[in-house]
Asker: 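There's a structure below that I have some questions on.
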Amino acid sequence: MFAAERRQLILEMVRANGAVSLRELARVVQTSEVTVRRDVRALEAEGLLDRRHGGAVLPGGFTRESGFPQKSHLATAEKTAIADLAANFVEEGEAIVVGAGTTTQELARRLARVPGLTVVTNSLLVAQALAHANRVEVVMTGGTLRGSNYALVGSGAEQSLQGLRVSRAFLSGSGLTAERGLSTSNMLSASVDRALVQAAAEVVVLADHTKLGTDTMFQTVPTDVITRLVTDEPPAHEDRAATELQALADQGVQIAVAGTGAPGNAQNAGGDGTPARQQRRDVPLPGPRRGQVPGAQSALRTAAVLGEQSPGGERARVADLRRR
């Protein structure tokens, strides 16, 4: 197949699916991932698509939502590391809400061992991951099933969340910017996510670096409502992601960064299946946030500290802190 034919086929696949992994592209066009990566780079230079870690997506942020099969093959190592780290923020006996998404599905798999946990979710994938966890109670919302992401949406889902109050909400989305916060490409999904946020005292966003700086149609969580972002370390050449992280931190979002090569990843987990120690960089809030005691953050140090806990707030950490 000539290069022009390969690129045309790659473009057609991305347009049809919204997002396609390099592995799948290489399989379809019957060539190596190195060649496909070169083709994708050339198509991006022409403005025909955008590169993402491990795949390609439609150009621009305001695109239709990709289906579960496409999302599940993108940034898999990053999602695993993020889920490992995010699980550390869940405590025994808590009641939480977990939204739909491939990253939250990974988180749910790690929550199965948290005793006394109650998880409210509109995601069939999250519920399935916890179905056999005898120490975890799963509460499903009502609603209409969206087959593209296996989530319950609509007025039934939103009404079932009225009057609910939990400690934390764990959400993912299609894009995250400091200007608009978390967003998604589907109106029904966005509406349910907003209802999940209203039920929680704190909001934790799970987003790999490919979503940083991407803005999609419907805002779900404004930046000033996000308590914490759990993400992965952006590659050295990803200036946009690094800039967005700094901007989010400047607006008061705590940033917890998981290294994909650090202990705590799935491949480095303990023999009993529980997450091992996870490397993280946690940037404390510069000012009071929802649910915090005013003045508590003034005690936090912003200088880099290793292996030492700052004196203020719940599990507050500073840069390059290793969880012990």
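Quantities reported herein were computed from a predicted structural model and do not represent experimental measurements.
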Asker: Closer than 3.5 angstrom, by distance alone: can the side chain of Asp208 be matched with the main-chain N or O of Lys79 as a donor-acceptor pair?
Answerer: no

Asker: Do you know the tightest heavy-atom contact between Val40 and Leu49?
Answerer: O-CD1, 3.5 Å

Asker: What are the two closest heavy atoms between Ser167 and Glu94, and how far apart are they?
Answerer: OG-OE2, 2.7 Å

Asker: Should Asn149 and Asn186 count as side-chain neighbours, where that means a heavy-atom distance under 4.5 Å?
Answerer: no

Asker: Identify each donor-acceptor pair in which a side-chain atom of residues 155-163 lies under 3.5 Å from a protein atom, sequence neighbours left out, and give them as a table.
Answerer:
from	atom 1	to	atom 2	distance (Å)
Glu158	OE1	Ser191	OG	3.2
Glu158	OE2	Ser191	OG	2.7
Ser160	OG	Gly142	N	3.4
Ser160	OG	Gly156	O	3.4
Ser160	OG	Ala157	O	2.7

Asker: Are side-chain heavy atoms of Leu245 and Leu229 found at a separation under 4.5 Å?
Answerer: yes

Asker: Would the distance check show the side chain of Asn122 and the main-chain N or O of Leu152 forming a donor-acceptor pair, the cut-off being under 3.5 Å?
Answerer: yes

Asker: CD of Gln8 to CG of Leu48: how many Å apart, nearest 0.5 Å?
Answerer: 9.0 Å

Asker: Kindly compute the distance separating NZ (Lys211) from CG (Leu176), expressed to the nearest 0.5 Å.
Answerer: 9.5 Å

Asker: State whether the side chain of Thr104 and the backbone N or O of Val98 hold a donor-acceptor pair below 3.5 Å, judged by distance alone.
Answerer: no

Asker: Would you confirm whether Thr227, through its side chain, and Val203, through its main-chain N or O, come within 3.5 Å as a donor-acceptor pair?
Answerer: yes

Asker: Any side-chain heavy-atom pair from Leu171 and Leu182 closer than 4.5 angstrom?
Answerer: yes

Asker: Is Leu11 close to Arg7 at the side-chain level, that is, under 4.5 Å between some pair of heavy atoms?
Answerer: no

Asker: Return the minimal non-hydrogen interatomic distance between Val138 and Thr121, and the atom names on each side.
Answerer: CG1-CG2, 4.4 Å

Asker: I need the minimum non-hydrogen distance between Ala26 and Val36, along with the two atoms involved.
Answerer: CA-CG2, 3.6 Å

Asker: Between Ser172 (side chain) and Leu206 (backbone), is there a donor-acceptor pair under 3.5 Å?
Answerer: yes

Asker: Taking Thr220 for the side chain and Ala190 for the main chain, is one N or O donor matched with an acceptor at less than 3.5 Å?
Answerer: no

Asker: Are the side chain of Arg180 and the backbone N or O of Thr216 linked by a donor-acceptor pair below 3.5 Å?
Answerer: yes

Asker: With no hydrogens and no angle check, is any side-chain donor or acceptor of Ser123 less than 3.5 Å from a backbone partner on Ala151?
Answerer: no

Asker: Using modelled atom types and a 3.5 Å cut-off, is there a donor and acceptor pairing between side-chain atoms of Gln251 and backbone atoms of Ala178?
Answerer: yes

Asker: Between Val205 and Val253, is any pair of side-chain heavy atoms under 4.5 Å apart?
Answerer: no

Asker: Would you call Glu106 and Ile82 a side-chain contact if the rule is heavy atoms closer than 4.5 Å?
Answerer: no

Asker: Quick one, Arg110 and Thr80 - any side-chain contact, counting heavy atoms below 4.5 Å?
Answerer: yes

Asker: Are side-chain N/O atoms of Arg6 and Thr31 paired as donor and acceptor at under 3.5 Å?
Answerer: no

Asker: Keeping Ser174 on the side-chain end and Thr184 on the backbone end, is there a donor-acceptor pair under 3.5 Å?
Answerer: no

Asker: With clusters defined by side-chain heavy atoms of hydrophobic residues (ILVMFWY) lying less than 4.5 Å apart, directly or transitively, does Met217 cluster with Met187?
Answerer: yes

Asker: Is any side-chain heavy atom of Met13 less than 4.5 Å from a side-chain heavy atom of Ile10?
Answerer: no

Asker: Between atom OG1 of Thr214 and atom CD of Glu244, what is the distance when rounded to the nearest 0.5 Å?
Answerer: 8.5 Å

Asker: Before accepting this row, confirm whether a basic side-chain N of the pair Arg41/Glu44 lies closer than 4.0 Å to the acidic partner's carboxylate O.
Answerer: no

Asker: Specify the closest pair of heavy atoms between Leu196 and Gly99, including all atoms of both residues, with the distance to one decimal.
Answerer: CD1-CA, 3.8 Å

Asker: Nearest heavy-atom pair of Ser183 and Asp215: which atoms, and what distance?
Answerer: OG-OD1, 3.7 Å

